[in-house]
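The structure appears right after this line, and notes come after that.
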Amino acid sequence: LPLTMKTVYVQHDDASDDHGVALIDELLAHKDLADVNVTKEEATAALKAINFTDEMLTSPRSCLSGGWKMKLLIIKAMLSKADVLLLDEPTNHLDTASVDWLTNYLLSQQHLTCLIVSHDTGFMDRVLTDVIHYENKKLVYYHGNLTHFVR
């Protein structure tokens with residue numbers, strides 16, 4: 001990829017230590033957000049829009065469940081103003097409403113490329129426009145969603 005394109009990787013299981021820092025402060029200190037000058041107000045609004053509470057924002061990330069951690073990682077990627085998102089099992093630990101929120105976000109993006117690895121076939125069928133399949137030691141490109149690819 002060109003060096004001018006910003007790529008953000010969202011891994012499904014972030015086990016890094018939070019050092020007891022408040023979630024909002026840790027988020028704002030992340031290089032991807034600092035580079036694009038995300039304000040505390042913008043970050044707080046984005047998190048509250050998906051039901052993060054004030055208590056969650058002031059507590060360490062380690063206090064969150066797997067689903068909340070996944071939503072935090074996705075919000076971090078969204079706020080980073082990436083050109084390309086690499087999403088590794090993005091629906092892991094998410095409830096139905098959160099999967100719908102993620103689906104709607106991805107479908108609303110006109111200038112964002114997402115490379116997604118997922119076992120959630122329903123999610124993949126809704127968000128995919130193209131499939132790149134590894135077969136016979138080659139990457140083969142198919143236009144269409146997952147159902148189209150399976151046919």
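Side chains are part of it too, since the values below use all heavy atoms of this structure and drop only hydrogens, waters and symmetry mates. Everything numeric here is computed off the predicted structure, so don't read it as measured data.
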What's the verdict on side-chain contact (heavy atoms from CB on, under 4.5 Å) for K71 and S98, showing C-alpha distance, side-chain angles and the deciding distance? CA-CA 8 Å; K71 288 199 281 188; S98 297; 3.4 Å; yes

side-chain contact (heavy atoms from CB on, under 4.5 Å) assessment of T53 paired with M56: CA-CA 5 Å; T53 64; M56 294 164 99; 3.1 Å; yes

Given side-chain contact (heavy atoms from CB on, under 4.5 Å), test L47 with L57 step by step and report yes or no. CA-CA 8 Å; L47 291 166; L57 297 179; 3.4 Å; yes

side-chain contact (heavy atoms from CB on, under 4.5 Å) assessment of K76 paired with L33: CA-CA 7 Å; K76 183 181 355 176; L33 298 186; 4.3 Å; yes

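Proximity of L85 to Y9: side-chain heavy atoms (C-beta onward) are nowhere separated by under 4.5 Å. Between V10 and M70 the shortest side-chain heavy-atom distance falls below 4.5 Å. Counting only heavy atoms from C-beta outward, the side chains of S65 and H93 never approach each other to under 4.5 Å. Two residues are said to be in side-chain contact when any heavy atoms from C-beta on lie closer than 4.5 Å; S118 and L87 fail this criterion. Within the 4.5 Å cutoff, the side chain of I50 has no heavy atoms near those of the Y105 side chain. Residues I116 and V127 are in side-chain contact: their nearest non-hydrogen atoms beyond the backbone lie under 4.5 Å apart. At a threshold of 4.5 Å between non-hydrogen side-chain atoms, the residues N145 and T129 do not count as touching. Residues L64 and L72 form a side-chain contact, since some pair of their non-hydrogen atoms from C-beta on lies under 4.5 Å apart.
Remark: side-chain polar atoms of T44 are not paired, donor with acceptor, to backbone N or O of E41 under 3.5 angstrom. Remark: the backbone N or O of L23 is not paired with any side-chain donor or acceptor of E26 at under 3.5 angstrom. In this structure, K6 contributes its side chain and S80 its backbone to a donor-acceptor pair below 3.5 Å. Formation of a donor-acceptor pair under 3.5 Å by the D18 side chain with backbone atoms of R61 is found in this model. D17 places a side-chain N or O within 3.5 Å of a backbone atom of H19 that can act as its donor or acceptor partner. In terms of modelled atom types and a separation under 3.5 Å, the side chain of E89 and the main chain of H119 share a donor-acceptor contact.
Between L102 and M78, the closest heavy-atom pair is CD1-CE, 4.5 Å. Scanning both residues, I75 and A46, for their nearest heavy atoms gives CD1-O, 3.8 Å. In this structure, A43 and I24 approach most closely via the heavy-atom pair CB-CD1, 3.7 Å. The minimum heavy-atom distance linking V8 with A77 is given by the pair CG1-CB, 3.9 Å.
Between the CG atom in D54 and the OG1 atom in T58 there is a gap of 7.0 Å [rounded to 0.5 Å]. Taken to the nearest 0.5 Å, the CG atom of D120 stands 8.5 Å off from the CG atom of N92. For the atom pair CG (L146) and CE (M124), the distance works out to 6.5 Å, reported to the nearest 0.5 Å. The line from CG of L139 to NE2 of H133 is 10.0 Å long, rounded to the nearest 0.5 Å. Put simply, NE2 on H30 and CG on D25 are 14.5 Å apart, with the number rounded to the nearest 0.5 Å.
When the side chains of ILVMFWY residues are joined at heavy-atom separations under 4.5 Å, either directly or via intervening members, F149 and I132 end up in two distinct hydrophobic clusters. Under the 4.5 Å side-chain heavy-atom criterion for grouping Ile, Leu, Val, Met, Phe, Trp and Tyr, Y134 is not connected to V131 through any hydrophobic cluster. L115 and V117 fall into different hydrophobic clusters, where Ile, Leu, Val, Met, Phe, Trp and Tyr are joined by side-chain heavy atoms under 4.5 Å apart, directly or via other members. Using a 4.5 Å cut-off between side-chain heavy atoms of Ile, Leu, Val, Met, Phe, Trp and Tyr, with links allowed through other members, V21 and L27 fall into different hydrophobic clusters.
The existence of a salt bridge linking K81 and D32 is excluded, since no basic side-chain nitrogen approaches an acidic carboxylate oxygen closer than 4.0 Å.
Evaluated for a side-chain contact (heavy atoms from CB on, under 4.5 Å) with F123, the options L106, L128, L94 yield exactly one hit, L106.
Donor-acceptor pairing under 3.5 Å is lacking for the side chains of D100 and T103. A donor and an acceptor atom, one from each side chain of D130 and Y142, are nowhere located under 3.5 Å apart.
Heavy atoms of other residues, nucleotides or ligands lying less than 6.0 angstrom from CD of E135 number more than 12.
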